[in-house]
There are 2 protein chains.
Amino acid sequence: MNIGEIAKRVGVSRSTVSYALSGKRPVSAATVRRINDVIAELGYRPNASARALAEGRTRTLGLVIPPASTRLTDVQLSFVASVVEVAAAYDHDVLLSPSGGDHDRSFDRVVTGRRVDGVILMEILLRDPRVDRLTSSGLPFVTIGHVADSGASRWVDVDYAGLISRCVRHLADLGHEHVVLINRSDELVASGYGPAMRASAGFLETAEGFGMTAHDVCCADDPAAGLACFEEILERRPDVTAAVTINEAALPGVQRALHRAGLDVPRDFSLTGVIADRLAVDFHPPLTAADVPAGQMAQLAVDLLLEQIADPSAPPRHALLAPPITLRSSTGACRRS
Amino acid sequence: MNIGEIAKRVGVSRSTVSYALSGKRPVSAATVRRINDVIAELGYRPNASARALAEGRTRTLGLVIPPASTRLTDVQLSFVASVVEVAAAYDHDVLLSPSGGDHDRSFDRVVTGRRVDGVILMEILLRDPRVDRLTSSGLPFVTIGHVADSGASRWVDVDYAGLISRCVRHLADLGHEHVVLINRSDELVASGYGPAMRASAGFLETAEGFGMTAHDVCCADDPAAGLACFEEILERRPDVTAAVTINEAALPGVQRALHRAGLDVPRDFSLTGVIADRLAVDFHPPLTAADVPAGQMAQLAVDLLLEQIADPSAPPRHALLAPPITLRSSTGACRRS
DNA sequence: TTGTAGGCGTTATCAG
DNA sequence: CTGATAACGCCTACAA
């Protein structure tokens with residue numbers, strides 16, 4: 001079933017059918033109706049590949065996700081779902097590419113096969129080879145997260161440094177003097193993962209500014225690691241009275257460690273950080289924390305990308321989001337001297 | 001940069017370049033090398049749309065996911081990640097379509113636009129209009145989950161009825177007489193969601209067979225609902241000494257309710273069901289439960305789909321998985337008469 | 001308001 | 001072993 005078949009049945013030329021469909025030139029109302037009737041009757045739908053070939057665009061966006069072997073976190077998955085949803089609202093489809101490292105068949109296909117009009121990249125490292133490849137490929141792209149040298153690129157990110165800094169200040173105001181940052185995993189830090197690096201920098205800098213004792217510890221993305229990590233902190237740094245974290249997956253373990261140690265939050269220990277609202281409100285007690293607004297970030301990312309696709313010469317834009325730190329019940333005055 | 005450009009530079013015809021790339025007919029070693037050199041030099045990659053148009057296939061699979069508004073559960077997201085990964089291993093890409101209900105632009109595009117060679121559908125209802133549409137479209141597809149009348153279709157599913165039945169039997173053996181099933185949400189049950197319906201049927205039937213008192217309660221997919229739901233059970237059905245569940249998202253709330261009520265597991269209360277290993281081992285204490293092997297299911301689904309794409313006339317196959325119920329520490333003898 | 005014809009980049013069928 | 005050339009299905013000047 002193709003456009004020629006429709007044209008033949010209606011008794012017009014293929015271009016008339018095409019124009020009737022696209023509306024790019026006037027077609028008499030009568031013809032349009034007959035065409036629509038036949039289309040409905042035969043159940044015709046234009047062939048996407050042919051259209052893409054002729055138009056030079058696919059109406060498809062690429063989304064590069066971490067490989068499944070690296071268990072996807074909750075936030076990452078929210079991004080995926082939201083990006084797909086937002087794209088759908090603009091009548092665009094999303095092609096997924098699970099690409100971790102450097103050269104990768106899937107990433108290759110997406111980038112060089114003209115299968116997509118643009119790419120969204122997530123989980124950005126401070127120095128990220130994928131960004132370099134995309135840049136030199138000329139394909140429009142935006143990143144969720146941003147590289148260190150991000151001047152000429154499009155991105156949307158959460159201001160981890162700033163938010164963590166504000167968390168530390170909050171703890172300082174409450175009288176805490178010994179604090180710890182529960183960061184993401186060793187591997188992520190070693191690879192230069194943006195949020196981990198920036199959270200760490202903001203944490204250490206601000207804590208130092210307030211004359212606090214600050215420890216920065218890595219923790220794998222799962223409850224068991226959270227438990228182990230927190231118990232080690234309690235044992236080796238007994239002075240610590242408050243923790244800041246960006247590691248959502250570790251939270252259930254932290255919760256258990258707190259409970260095992262008989263520590264009441266916030267009376268004996270304060271806890272805060274950058275944590276998706278959904279998880280923050282389910283914690284016991286609810287966490288004072290800044291949200292990771294995945295939906296909003298996805299919307300912005302798609303907008304920026306479509307904007308660049310529509311006008312590749314448009315100046316690069318970006319958005320550094322600083323969601324409010326919502327005061328809940330997990331931070332309180334320091335009770336120890 | 002297209003194949004003609006390469007041909008011109010090398011001084012051969014376009015078909016020779018094409019065949020050198022595909023290997024579908026012999027090309028002299030010397031020309032192959034010259035072609036490869038030029039390709040490497042100019043960074044040529046075939047245009048996917050043109051190839052799809054000429055070949056009549058896209059090397060792309062469609063994956064229909066629930067819309068983001070329905071927060072995706074952990075298991076669903078594992079499926080997505082795994083399907084993408086498996087497809088990538090077969091050099092196929094995955095196009096996502098967030099489609100909830102019936103007629104839906106995105107679903108439409110994927111099904112009728114020849115954008116994909118086949119479709120994987122998840123979150124199947126006992127009677128599912130999407131399955132009907134796909135069936136009549138003639139597009140190859142496989143479902144993760146299966147409709148009530150699934151004779152002629154390809155699917156892979158977990159045997160919820162059988163597994164839940166075995167869980168109940170296990171509880172009966174331990175002397176429990178009053179049991180409850182913590183099912184998925186009201187809405188899901190009302191819409192005829194396969195796992196919820198089959199779990200319920202298997203539960204009630206088996207419990208009745210053992211002469212047990214059985215209650216089947218719905219619970220939304222989040223910790224808060226799990227907490228509320230479980231507290232209501234404790235209050236209104238004080239006889240109940242064991243619960244079976246397929247609702248993973250509610251587990252943290254159940255955990256808290258148990259703790260609040262001062263109930264020790266498994267001494268005072270037993271808990272089991274169909275729960276992804278990852279969550280089962282993190283529960284306190286680790287749960288006696290059957291895994292949901294998302295990775296394996298994804299692998300099977302992709303295999304079945306590619307098989308059908310390769311040979312549309314092949315007889316329908318399916319796989320009903322019954323993973324073992326791993327005995328951990330959450331079930332024990334009933335202490336109450 | 002409509003028709004004709006060329007092009008998008010590949011693959012594949014004929015010939016040589 | 002290699003070259004022409006016709007599809008694949010759609011879009012869009014250019015003409016009428």
Side-chain angles (χ1 to χ4, degrees), chain A residues 1-36 38-39 42-60 91 93 108-117 138-139, chain B residues 1-36 38-39 42-60 91 93 109-117 139:
Chain A
M1 186 50 40
N2 59 34
I3 204 173
E5 191 68 21
I6 304 295
K8 192 185 302 175
R9 291 279 224 280
V10 178
V12 295
S13 75
R14 292 178 317 189
S15 54
T16 300
V17 177
S18 177
Y19 284 119
L21 251 28
S22 72
K24 291 189 179 172
R25 92 178 180 191
V27 175
S28 82
T31 332
V32 167
R33 195 145 33 75
R34 272 160 47 223
I35 289 175
N36 284 334
V38 175
I39 284 179
L42 301 189
Y44 162 79
R45 312 283 330 216
N47 179 309
S49 301
R51 186 206 290 260
L53 181 57
E55 276 191 318
R57 65 192 199 117
T58 59
R59 297 164 195 272
T60 301
D91 281 336
D93 290 312
D108 247 48
R109 279 199 302 274
V110 166
V111 172
T112 66
R114 277 90 122 212
R115 310 172 67 77
V116 299
D117 298 334
L139 190 64
Chain B
M1 187 49 41
N2 59 33
I3 204 172
E5 190 68 20
I6 304 297
K8 192 185 303 174
R9 291 278 223 281
V10 179
V12 295
S13 73
R14 290 177 314 184
S15 46
T16 300
V17 176
S18 177
Y19 284 118
L21 251 28
S22 71
K24 292 188 181 174
R25 91 178 180 190
V27 176
S28 83
T31 20
V32 167
R33 194 148 33 75
R34 272 160 50 221
I35 288 174
N36 284 334
V38 175
I39 284 179
L42 302 189
Y44 161 79
R45 309 287 328 219
N47 178 310
S49 301
R51 186 203 290 256
L53 182 57
E55 278 191 316
R57 66 196 199 116
T58 58
R59 294 162 196 274
T60 301
D91 281 337
D93 290 313
R109 279 200 304 274
V110 166
V111 173
T112 68
R114 276 91 121 212
R115 308 173 69 76
V116 299
D117 298 335
L139 190 65

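Please read these numbers as outputs of a predicted model, since none were measured by experiment.
- With contacts defined as side-chain heavy-atom distances shorter than 4.5 Å, the pair B:Arg14/B:Asn2 does not qualify.
- Listed nucleotides C:dT1, D:dG3, D:dC11 differ in distance to A:Arg14; the shortest reach to its side chain belongs to D:dC11.
- Nucleic acid contact class of B:Gly11 (heavy atoms, under 4.0 Å, all strands): sugar-phosphate only.
- Residue A:Thr31 is in sugar-phosphate contact alone, with no base atom involved, counting any heavy-atom pair closer than 4.0 Å across all strands shown.
- Using a 4.0 Å cut-off, no side-chain N or O of A:Lys24 falls inside it from OP1 or OP2 of D:dC11.
- Between the A:Arg114 side chain and the A:Leu53 main chain, no donor and acceptor come within less than 3.5 Å of each other.
- Side-chain atoms of A:Ala54 lie closest to C:dG7 of the nucleotides C:dG7, C:dT4, C:dT11.
- Residue contacts for B:Arg45: at a heavy-atom cut-off of 4.0 Å it reaches the sugar-phosphate backbone alone, with no base atom in range.
- Residue-to-nucleotide contacts include a donor-acceptor pair under 3.5 Å from the side chain of A:Arg25 to the base of C:dT2.
- No side-chain heavy atom of A:Val12 sits under 4.5 Å from any side-chain heavy atom of A:Tyr19.
- Closest to the side chain of A:Tyr19, from the set C:dT10, C:dT1, D:dT12, is D:dT12.
- For C:dA12, the base has no donor-acceptor partner in the side chain of B:Ser18 [N/O atoms by modelled type, under 3.5 angstrom].
- Using a 4.0 Å heavy-atom distance criterion, A:Pro46 is classed as a sugar-phosphate-only contact.
- Using a 4.0 Å heavy-atom distance criterion, B:Ser15 is classed as a base contact.
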